There are 2 protein chains.
Amino acid sequence: MALGLFAERGFDETTVDEIAQAAGLTKRSFFRYFPAKEDAVFGGVDVTGEQVVEDIRARPADEDPWQSLHHVLRQWERQIHASEQTLASLRLIESTPSLHARLYQKRAQWRRHVSDALRDRPGVQLDSFTAELLTNAASAVLDTVSQEWLRSGGTADRAALLDRGFAFLHPAATIRARETAEPHQPGPVRADRGRHS
Amino acid sequence: MALGLFAERGFDETTVDEIAQAAGLTKRSFFRYFPAKEDAVFGGVDVTGEQVVEDIRARPADEDPWQSLHHVLRQWERQIHASEQTLASLRLIESTPSLHARLYQKRAQWRRHVSDALRDRPGVQLDSFTAELLTNAASAVLDTVSQEWLRSGGTADRAALLDRGFAFLHPAATIRARETAEPHQPGPVRADRGRHS
DNA sequence: TCTATCCTGTCACTCGGTGTCGTAAGTTGT
DNA sequence: ACAACTTACGACACCGAGTGACAGGATAGA
């Protein structure tokens, strides 16, 4: 695995040629499997959480979207951050700027899917601004949890931090229009915009 | 300016040699002025908002940190997004993955400074988790505003969107030790529909 | 067995980025 | 005015990531 080489010499100090040769391949063949050098790290780790998008779609339609995000991400946390290997990967990512940038790209793409999933749910319609705001906020919570977890040296309780973040950032009023939900009548989009106050 | 070339042929399709030659320089000299090709775009735009950090430090110590972020960022919005040139830059950044990644790197660094500024204020002490959570949430609001603004084709009212985001994501209880109810900003936050055209 | 397909190695090339050296300008001190 | 020094730039070589094109070997199916 390339992770061993990265752990030894660091990501930037390891050549693609070296990775490929260690795997019994050529540089050219390496790029046939991975679109970029960075993806050799992300290959094994589910950083984007594709399952999360499906899980959100599977949540009850009348549930508060913030609650849905909280619930799904807590489940996801539980599944992911278990093995020591993903832990080492995340440390490497956090300490390498180019990997961090790549993680961000994947996260941005993931956020688009999540916000689409939020907006596509039946029942209460969310406008795109609100959906993206909730998604980005949830992503911010995840990011903060990871930072704190890294600062703690991996000893912090990620689930507890996640709960704390989600509780702290609870939106003023996500869904206040339950009475207008019509599950059987898609009809025109009568989106109740997120006016607060 | 390199922005002209980028606007014509696109960022990835423009080589550093071409940029340098258009500016009457050598490739080597280009890299003496800019650490990377991407920085030729960010050079003129204040994407990191260095002033913001100072402004946060200048806010009253007993002010709710979320309010401080809101206030300072609204001021910053007003100063920045005026010229047509920065508008074109932001469009280019948003449509180019490598530039987007670079923007993220700068934002991450900026967030560190902001969260440090929040934690360094006298009076009520914030733990690092809370400070980072508030900072990342504010950054998420900014990001969402930019997305919506871009989707609207640049016609949306960024200040109104910012207010809406900050109000919507208002933390449950940041600092409950304030009984000085300041009159805040004149005029209620108008929830503009966030629709283009 | 013949053949189409897939996988891989090899070579050549582009482009971003860096180190090194030489040199033509200033700039300062005496 | 002269020497010493600094600054800035060009020229060249070099490295590593990534891509395109081509050739050959293995394999599955007829």
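Fair warning: this is a prediction, and the values are worked out from it, not measured in the lab.
Out of D:dG10, D:dA8, C:dT8, the shortest distance to the side chain of A:Ser29 is found at C:dT8.
At C:dT8, none of the side-chain N or O atoms of A:Thr26 fall inside 4.0 Å of OP1 or OP2 (strictly under the cut-off). Residue B:Tyr33 has no polar side-chain atom (N or O) positioned under 4.0 Å from OP1 or OP2 of D:dA8.
The ring pair (Phe, Tyr, Trp, His ring centres under 6.0 Å) check on A:His70 picks up A:Phe166, with sequence neighbours excluded. B:Glu94 meets the side chain to side chain donor-acceptor pair (under 3.5 Å) test with B:His100; sequence neighbours excluded. A:Tyr33 is linked by a ring pair (Phe, Tyr, Trp, His ring centres under 6.0 Å) to nothing, counting only residues two or more places apart in sequence or in another chain. In this view, B:Phe129 satisfies the ring pair (Phe, Tyr, Trp, His ring centres under 6.0 Å) rule with no residue, not counting sequence neighbours.
Rounded to an integer number of Å, the gap from CD of A:Glu18 to P of D:dA17 is 9 Å.
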One character per nucleotide, please: for nucleotides 13-22 of chain C, 5' to 3', B when the base has a protein heavy atom closer than 4.0 Å, S when only the sugar-phosphate does, - otherwise. --SBBBBB--
Less than 3.5 Å apart, which donor and acceptor atoms pair up between the side chains of residues 133-142 of chain B and the rest of the protein, not counting sequence neighbours?
| residue | atom | partner | partner atom | Å |
| --- | --- | --- | --- | --- |
| B:Thr135 | OG1 | B:Ala131 | O | 2.7 |
| B:Asn136 | OD1 | B:Arg111 | NE | 3.2 |
| B:Asn136 | ND2 | A:Thr144 | OG1 | 2.8 |
| B:Asn136 | ND2 | B:Glu132 | O | 3.4 |
| B:Ser139 | OG | B:Arg111 | NH1 | 3.1 |

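Counting heavy-atom neighbours within 6.0 Å of B:Glu18 CD, excluding the residue itself, gives a total above 12.
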